[in-house]
Amino acid sequence: MKRLIEEILERYPVTDSKVSRPDQAWITVPKDKLVDILCWLQRTRGFTHLAFFTVVDYLEQGKFQLTYMLHNYADHLDLGVRVLIDRENATMESIHHLWEHAQTFQREWKEMFGIDFPGSPRVDEPLILEGWDGPPPYRRDFDTKKYSEETYFPRPGRESHEPREHMKKKLYPDPEES
């Protein structure tokens, strides 16, 4: 793994790298080099499997971190390739041409975080949230309570209970009130 990381460092402008186990490492690369590095790893270094692709919202820094976890079956290696993109106008080049199943991840991240992947098949079609017209719900600044209060109305006949007091009365009823 260390030899692979050294080779990557010679070829590409990696901003951070870490070998966490003998069979697992992480690198952070610039946005404009991501697809080139992924192509090179897939075609020449045997990382033929995209195990997962995930997003972390760093609200305070105004960034999203996209992590692509690649697996090499021949050498039993895992390599996490990370890239930071701006939260505002979040766009990343599609990798569906490298791994077809990446388009599903990309559709989900478009819907849930608002990250666009231009050219990815069906990226603008709903995946999970059919009919949703609100803001992307996985962003950390999404206020679930405010959204539901503004979108849904309270139904008549329902009561709201403060959970702690309600459970206290349910579990330990006052015998004098019976």
For residues 29-40, which side-chain donor-acceptor pairs fall under 3.5 Å, sequence neighbours excluded?
| residue | atom | partner | partner atom | Å |
| --- | --- | --- | --- | --- |
| Lys31 | NZ | Thr91 | O | 2.7 |
| Trp40 | NE1 | Thr44 | OG1 | 3.2 |

Give a yes or no on whether the backbone of [Y] and the side-chain of [X] come within a donor-acceptor separation of less than 3.5 Å.
{"X": "Asp86", "Y": "Glu88", "result": "no"}
{"X": "Asp141", "Y": "Leu59", "result": "no"}
{"X": "Ser94", "Y": "Phe117", "result": "no"}
{"X": "Arg139", "Y": "Phe113", "result": "yes"}
{"X": "Glu111", "Y": "Leu129", "result": "yes"}
{"X": "Arg122", "Y": "Arg107", "result": "no"}

Over all heavy atoms of both residues, which pair between [X] and [Y] is shortest? Give the atoms and the distance, please.
{"X": "Leu98", "Y": "Gln42", "value": "O-NE2, 2.8 Å"}
{"X": "Ala74", "Y": "Asn72", "value": "N-OD1, 3.0 Å"}
{"X": "Val123", "Y": "Lys110", "value": "O-CG, 3.6 Å"}
{"X": "Gln65", "Y": "Thr67", "value": "NE2-OG1, 3.2 Å"}
{"X": "Phe142", "Y": "Pro136", "value": "CB-O, 3.9 Å"}

First locate atom [atom1] of [X], then atom [atom2] of [Y], and finally report the distance between them rounded to the nearest 0.5 Å.
{"X": "Leu77", "Y": "His71", "atom1": "CG", "atom2": "NE2", "value": "8.0 Å"}
{"X": "Glu130", "Y": "Glu125", "atom1": "CD", "atom2": "CD", "value": "10.5 Å"}
{"X": "Met112", "Y": "Ile128", "atom1": "CE", "atom2": "CD1", "value": "4.0 Å"}
{"X": "Ile95", "Y": "Phe53", "atom1": "CD1", "atom2": "CZ", "value": "6.0 Å"}
{"X": "Trp109", "Y": "Leu127", "atom1": "CH2", "atom2": "CG", "value": "10.0 Å"}
{"X": "Ser120", "Y": "Glu93", "atom1": "OG", "atom2": "CD", "value": "11.5 Å"}

Would you say [Y] ends up clustered with [X] if hydrophobic residues are merged whenever their side chains have heavy atoms under 4.5 Å apart, either directly or through other cluster members?
{"X": "Tyr138", "Y": "Ile85", "answer": "yes"}
{"X": "Phe64", "Y": "Leu84", "answer": "no"}
{"X": "Leu9", "Y": "Leu70", "answer": "yes"}
{"X": "Phe47", "Y": "Tyr73", "answer": "no"}
{"X": "Tyr58", "Y": "Val55", "answer": "no"}

Which residue, Leu79, Thr54, Leu41, Val83, forms the side chain to side chain contact (heavy atoms under 4.5 Å, CB included) with Tyr68? Val83
Could you list the residues that satisfy salt bridge (Lys or Arg N to Asp or Glu O under 4.0 Å) with [X], not counting sequence neighbours?
{"X": "Glu6", "answer": "none"}
{"X": "Arg21", "answer": "Asp23"}
{"X": "Glu60", "answer": "Arg140"}

For Tyr152, check ring-ring contact (aromatic ring centres under 6.0 Å, His included) against everything at least two apart and list the hits. none
Going through the distances and angles, do Lys145 and Glu149 end up as a salt bridge (Lys or Arg N to Asp or Glu O under 4.0 Å)? CA-CA 6 Å; Lys145 185 174 186 298; Glu149 287 172 350; 2.4 Å; yes
Can you confirm whether Glu100 is buried at CD, in the sense that more than 12 heavy atoms of other residues, nucleotides or ligands lie under 6.0 Å from that atom? no
Please check if the number of heavy atoms outside Glu162 that lie under 6.0 Å from its CD is greater than 12. yes
Check: Met1 and Asp75 side chains under 4.5 Å, non-hydrogen atoms: no
Residue pairs, two or more places apart or on separate chains, that pass salt bridge (charged side-chain N to carboxylate O under 4.0 Å, His left out) and touch residues 76-85: Asp16-Arg82
Are the aromatic ring centres of Trp132 and Tyr147 under 6.0 angstrom apart? yes
